[in-house]
Number of protein chains: 2
Amino acid sequence: MLCPDNRTVLTTELPVNISRGYARPVSKPVAKAAQDKPAKDPTVALRLGVDRSSPVPLYFQLAQQLEAAIERGALTPGSLLGNEIELAGRLGLSRPTVRQAIQSLVDKGLLVRRRGVGTQVVHSQVKRPLELSSLFDDLEAAGQRPETRVLRNTVEAASAEVAAALGVGEGDEVQLIERLRLAHGEPMAYLTNHIPGGLLDLDTERLEATGLYRLMRAAGLTLHSARQSVGARAATADEAERLAEPGAGAPLLTMRRTTFDDTGRAVEFGSHVYRASRYSFEFQLLVRP
Amino acid sequence: MLCPDNRTVLTTELPVNISRGYARPVSKPVAKAAQDKPAKDPTVALRLGVDRSSPVPLYFQLAQQLEAAIERGALTPGSLLGNEIELAGRLGLSRPTVRQAIQSLVDKGLLVRRRGVGTQVVHSQVKRPLELSSLFDDLEAAGQRPETRVLRNTVEAASAEVAAALGVGEGDEVQLIERLRLAHGEPMAYLTNHIPGGLLDLDTERLEATGLYRLMRAAGLTLHSARQSVGARAATADEAERLAEPGAGAPLLTMRRTTFDDTGRAVEFGSHVYRASRYSFEFQLLVRP
DNA sequence: CAGTGGTCTAGACCACGCC
DNA sequence: GCGTGGTCTAGACCACTGA
C-alpha cells in the first residue's frame, strides 16, 4: 500500500480468527423458510444459508456470509439488517446463534446496533483495528518484495533494560538478533530483537526467509498481546549510513515493543528504527460501546 | 506518566463501557449455595454475588467483581477460575450469563480460556487496548496540568484534502481550529483540526477549558471509530519556533486522524505535530483469538 | 403503541487437552 | 476416560426508540 508521497504505509492485518469447529451429525434439516412476508430488509435477497454438516460453527458461517455481503456491496452502508428473530426463523437458527454472528461483526466495527431501531451497516471507511503485526508480512502483503539481512544472531547476557522488558534475570542468556529490512532493495528499517534463551531455534537462514512472528507461531507459541511505544528522534551518523539516509539528524520513527504469549510470558522485546521518509504506522481504532 | 528520560508518554484510556441496565423485579432469590465441594478454585473465597434488584446487568456485575478481584490481587495471575457450570450454580446464575461475564474479560485481555483446561488469569503486564484518546484528557490524567491556546478558530472553505478526509464537498464550509497545547507551561504539540460546518458550536472559551472530544460527546455525538496514521518528519523553522525547539530540522512526531461517529459520518479531521523530544505514543494490542 | 435489541434461563451435545 | 470450554436451542421478559 503506497502513500501519495510514496512512503510505505503499514496497514497491519494478520491471519487470525481461524475457524474452529466440530463435526455435527446432519440432523433436522429445518427449513420452513417463511416467504409469506413482504420484507424490505436486504438480507432476504441474500441467499443466506448455513451448512449444518460443516464443521464450521453456524454463527461463524453466518458472520462470514454477512461480512462478504457487506464487502461486495450487497449490503449497503446504512441499510437495516432486519430483526434478529425473523432472521433466525428464516435461517432455521435460534436467536442467540444469530446474535452471536451479528455481535462478532459489531466487534469488528462493521455493524452498529441500536435498541428500538435495528442493526445497520456502518458507513464504510472503517476497516479493522490494529493487529499484532509483522513488518515482513505487511510488506509482503503490500507487494513490496521484502528482504532481510541478518546482521547479528548471537546469544548474550541480558542487560538490565532487556532483562526488565523480558522479565528474566539480569545476565540470563538471551538471543540477540539485528536485521536490516529492505523493500525493493532499499533499506527501510533496522530491527533489533531480544528473545529469552532457549525459547526458539532461530537460524539465520529462516530469519532471512520470513518474519519473526511467523517463526514464533510455527514454533507453537500463541501470541496474545503486546505493549508498544512509538516515537521519533534524529538519526545518529551510524544509523543514517545503515539506512541510506543523507546524514546524521535525519528524522527516524522508533518503535519499541514487548510481546507476550497467552500465559503472560514475554517472548520478544524489539527496538526498531524506521526511515521516517518512507514509513508511517496506520491503524484504526474502535471505541468500545 | 513520565518516561525515564522525562518525555511525556501517552497512555490512552477513556471512560467507556458505561453500565447500562434495566430494572428487574426482585424475583427468585435463588441461593442454594452448594458448599459441599472442597473446591480449590479461588473464586469460592471471593464472596462473589449479584444483586438482582440492581439495574446493572447480572453479567456486568459479575465481570466487575472479577475484574476488581484481579486488580487487587485476590485472583493471582495464572490461577484457574473454576469451571463455568459450578460457578453459575454457586451464584444462582445460568451458564450463558456467567460465560458472558467471562467473555467480556477475555475480550479485555484479562483472562484466557483453554478448552480442556479452564479459564486462567493472564500474567499481568497486559492492560487495555488503545482507545480513542484526547491529548487533553491524557495530560490531565497524567497530572501534567494541560493548557490550550486557541490560535485560530474560523470557518473556511474545505480544501480538496480536507474535503476528502471529511467526506464533504470541496469548498463546503468547515470549521478550522489551530491550538497550541502546553503542559507545565511548555509547548507540547501543535494541533490542527477541521470539523464539518454546523456540526458543533465551538467557542474559543470552551476549547481552552477542555478537549475537543469531550465537547463532541457533550454535544451528543457518539464517537465510534477513527483511522489514524503516525509518522515523523523534520520541523520547519516556523514549527520549531512555535514549539520552542532549537531550530529547523528537529524531529517531530506527526499524527493524522479522521474520527467517525456511529453513523459512519466523519466528524473530525486532525493533523497534529508533537515534539519528539517530549512525546511518544504508548499502547497495547490484543490478538484476537 | 408496536417493534427493536438487551438480558436471562435451563437445558443439550460436542471437541479438545490431559491423564 | 474425564473435565473443560465451545456451540446451540427455544423459549421469556424488559428497556429503548420512534411513529
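To find a chain, count down the sequence lines: A is the first, B the second, and so on, and within it residues start at 1.
One atom, CD of A:Q120, and another, P of D:dG18, lie 10 Å apart when rounded to the nearest Å. The distance from atom CG of A:L91 to atom C1' of D:dT7 is 17 Å, rounded to the nearest whole Å. The interatomic distance linking A:L93 (CG) with D:dG11 (P) rounds to 15 Å, in whole Å. One can place CD of B:Q61 at 12 Å from C1' of C:dT7, the figure rounded to the nearest angstrom. Counting to the nearest Å, the P atom of C:dG5 and the CG atom of B:D262 are 15 Å from each other. What separates CD of B:Q103 from P of D:dG6 is a distance of 7 Å, to the nearest Å. Remark: C1' of C:dC8 and CZ of B:R52 are 8 Å apart, rounded to the nearest angstrom.
Put simply, the side chain of A:D107 never gets that close to the backbone of A:S104: no donor and acceptor are under 3.5 Å apart.
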Taking N or O atoms only and anything under 3.5 Å, show me the protein contacts with nucleotides 2-5 of chain D, one pair per line.
{"unit_1": "D:dT4", "atom_1": "OP1", "unit_2": "B:N83", "atom_2": "ND2", "d": "3.1"}
{"unit_1": "D:dT4", "atom_1": "OP2", "unit_2": "B:N83", "atom_2": "ND2", "d": "3.0"}
{"unit_1": "D:dT4", "atom_1": "O2", "unit_2": "B:G116", "atom_2": "N", "d": "3.2"}
{"unit_1": "D:dG5", "atom_1": "OP1", "unit_2": "B:T119", "atom_2": "OG1", "d": "3.3"}
{"unit_1": "D:dG5", "atom_1": "OP2", "unit_2": "B:E84", "atom_2": "N", "d": "3.2"}
{"unit_1": "D:dG5", "atom_1": "N2", "unit_2": "B:R115", "atom_2": "NH1", "d": "3.4"}

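Distances shorter than 4.0 Å separate some side-chain N or O of A:T97 from OP1 or OP2 on D:dT9. Phosphate proximity of C:dT7 to B:Y59: present, with a side-chain N or O under 4.0 Å from OP1 or OP2.
For A:D51 and A:Q61, the side-chain atoms include no donor-acceptor pair closer than 3.5 Å.
Minimum interatomic distance between A:I195 and A:M216 (heavy atoms only, all atoms of both residues): CG1-CE, 4.3 Å.
B:R114 meets the salt bridge (Lys or Arg N to Asp or Glu O under 4.0 Å) test with A:D262; sequence neighbours excluded.
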Intermediate values then yes/no, side chain to side chain donor-acceptor pair (under 3.5 Å), B:Q103 and B:Y59: CA-CA 10 Å; B:Q103 187 58 48; B:Y59 81 89; over 6 Å; no
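For A:F283 and B:F283, the distance between ring centers is under 6.0 angstrom.
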